[in-house]
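Have a look at the structure below, then the notes.
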Amino acid sequence: MNYKIAVVAGDGIGPEVMEQNINVLNAVGEKFGHTFEYTYVLGGGCAIDKYGEPLPQETIDVCKASDSVLLGAVGGWQWDTLPGDKRPERALLGLRGALGLYANLRPATLHDALKDACPLKPELVADGVDIMVVRELTGGMYFGEKGRKQTDMGEAAYDVEQYAVKEVERIARTAFEIARKRNKHVTNVDKQNVLESSRLWRSVVLEVAKDYPDVELDHLYVDNASMQLIMRPATFDVIVTGNIFGDILSDEASQMTGSIGMLPSASLGEGTLGMYEPVHGSAPDIAGKDIANPIATILSGAMMLKYSFGLLEEAKCIEDAVTKVLNKGYRTGDIMSEGMTQVGCKKMGKLVIENL
Ligand code: IPM
Ligand code: MG
């Protein structure tokens with residue numbers, strides 16, 4: 001098969017981790033007889049420098065016309081003082097919105113080989129950690145009305161947290177469907193003791209749950225969830241939550257895996273078109289030094305094969321190769337521990353290919 005992939009490598013370490021991802025995908029393509037055709041487009045800071053805007057229309061058009069989108073990372077200190085709608089992050093948010101990618105899957109899995117790199121006490125992660133954060137991605141305060149106004153306390157700014165029934169319904173369904181293929185347990189995270197938007201959210205989740213009597217459902221307030229996550233990480237299966245809570249909890253969950261450099265993500269909508277990116281940012285401080293961890297991006301490539309192209313065996317081949325490399329003791333700096341062999345970004349990519 002032939003697949004058309006739009007590549008938004010972005011800024012900072014984005015291009016270098018993406019290069020390794022593409023090398024791995026090409027090697028898998030060769031092994032299984034697929035061709036991947038890449039179209040490179042600009043998004044983020046590099047697009048601001050070239051076109052004066054973070055998300056040129058051409059980038060949106062190419063992404064829409066592709067079978068899937070790979071994204072590296074966007075942002076950097078050069079663009080930090082630009083107004084909100086001109087910042088590199090707009091590229092990410094704009095693509096999520098324009099492509100209708102409302103479901104963000106962030107699987108936090110702790111590899112046995114990385115137990116030392118996990119900051120939690122060994123007994124807390126002895127049973128392993130395997131959590132799927134299902135984050136709503138095109139609603140909530142990220143996409144609600146925002147603005148400034150005068151108040152008697154001076155100038156004020158606001159970002160409206162709003163969720164509609166249909167938005168909650170579809171993300172809840174995504175979570176329950178995923179749970180069915182895993183350990184059949186969904187934890188809904190909201191703040192319904194305070195927020196009206198959370199009260200609607202929870203009532204819709206309860207309604208959708210009626211269609212999934214085989215899946216266990218429980219609920220946590222977001223503050224409590226952040227605490228439970230580090231107290232009993234092994235007891236979570238699927239977490240479903242809104243955009244802002246999901247942003248925060250997925251960074252917390254990333255630490256269960258040893259490093260945010262290990263966490264891939266998939267952003268999906270109604271069709272098979274998806275966007276695949278590491279959860280980490282552009283890390284401008286280490287960009288160009290060949291020390292970044294490419295595994296989150298490589299695992300995002302595996303998620304693309306699985307969720308957009310239905311190539312399950314090929315995806316597993318990449319995941320297994322990553323596990324083998326880690327079992328053999330190779331580590332990038334972020335997951336380095338005593339007695340292991342430290343390698344750079346390029347070498348890590350090569351090792352994954354050798355172990356496919
Ligand atoms: C993420 C990031 C983005 C978000 C930023 C860069 C806009 O933190 O993907 O988690 O908040 O969604
Ligand atoms: Mg985030």
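Numbers here simply count residues along the sequence, with the first being 1. Both counts, for ligands and for their atoms, begin at 1 and track the order of listing.
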Open item on the list: If we set the cut-off at 4.0 Å for heavy atoms, which region of L92 has an atom near ligand 1: side chain, backbone, both, or neither?
Closed with: side chain
Open item on the list: How close do S282 and D11 get, counting heavy atoms only, and between which atoms?
Closed with: CB-O, 3.6 Å
TODO: List the closest protein heavy-atom neighbour of atom 4 (C) of ligand 1: residue, atom name, distance to the nearest 0.1 Å.
DONE: Y142 OH, 3.6 Å
- [ ] With heavy atoms of R96 as the reference, note each atom of ligand 1 found under 4.0 Å away.
- [x] 1 (C), 4 (C), 9 (O), 12 (O)
TODO: List every atom of ligand 1 that sits less than 4.0 Å from any heavy atom of R135, numbering the atoms from 1 in the order shown and giving each element.
DONE: 1 (C), 4 (C), 9 (O), 10 (O), 11 (O), 12 (O)
- [ ] Measure up the Y3 and F309 rings against each other and bin them: parallel (under 30°), tilted (30 to 60°), perpendicular (over 60°).
- [x] parallel
Task: Residues D61, Q57; criterion side chain to side chain donor-acceptor pair (under 3.5 Å); working and verdict - done: CA-CA 6 Å; D61 294 343; Q57 187 58 41; 2.9 Å; yes
- [ ] Give the name of the N/O/S atom in D247 that lies closest to the Mg ion (ligand 2).
- [x] OD1
Open item on the list: Taking the basic N atoms (NZ, or NE/NH1/NH2) and the acidic carboxylate oxygens, is any pair closer than 4.0 Å for R148 and E155?
Closed with: yes
Open item on the list: Assess whether a salt bridge exists between D290 and K347, defined as any Lys/Arg side-chain N lying under 4.0 Å from an Asp/Glu carboxylate O.
Closed with: no
TODO: For atom 2 (C) of ligand 1, grab the closest protein heavy atom and report residue, atom and distance to one decimal in Å.
DONE: D247 OD1, 4.0 Å
- [ ] Kindly identify the option in E89, R106, R87 whose heavy atom sits closest to atom 1 (C) of ligand 1.
- [x] R106
Task: Nearest heavy-atom neighbours spanning L137 and N243 - done: O-ND2, 3.3 Å
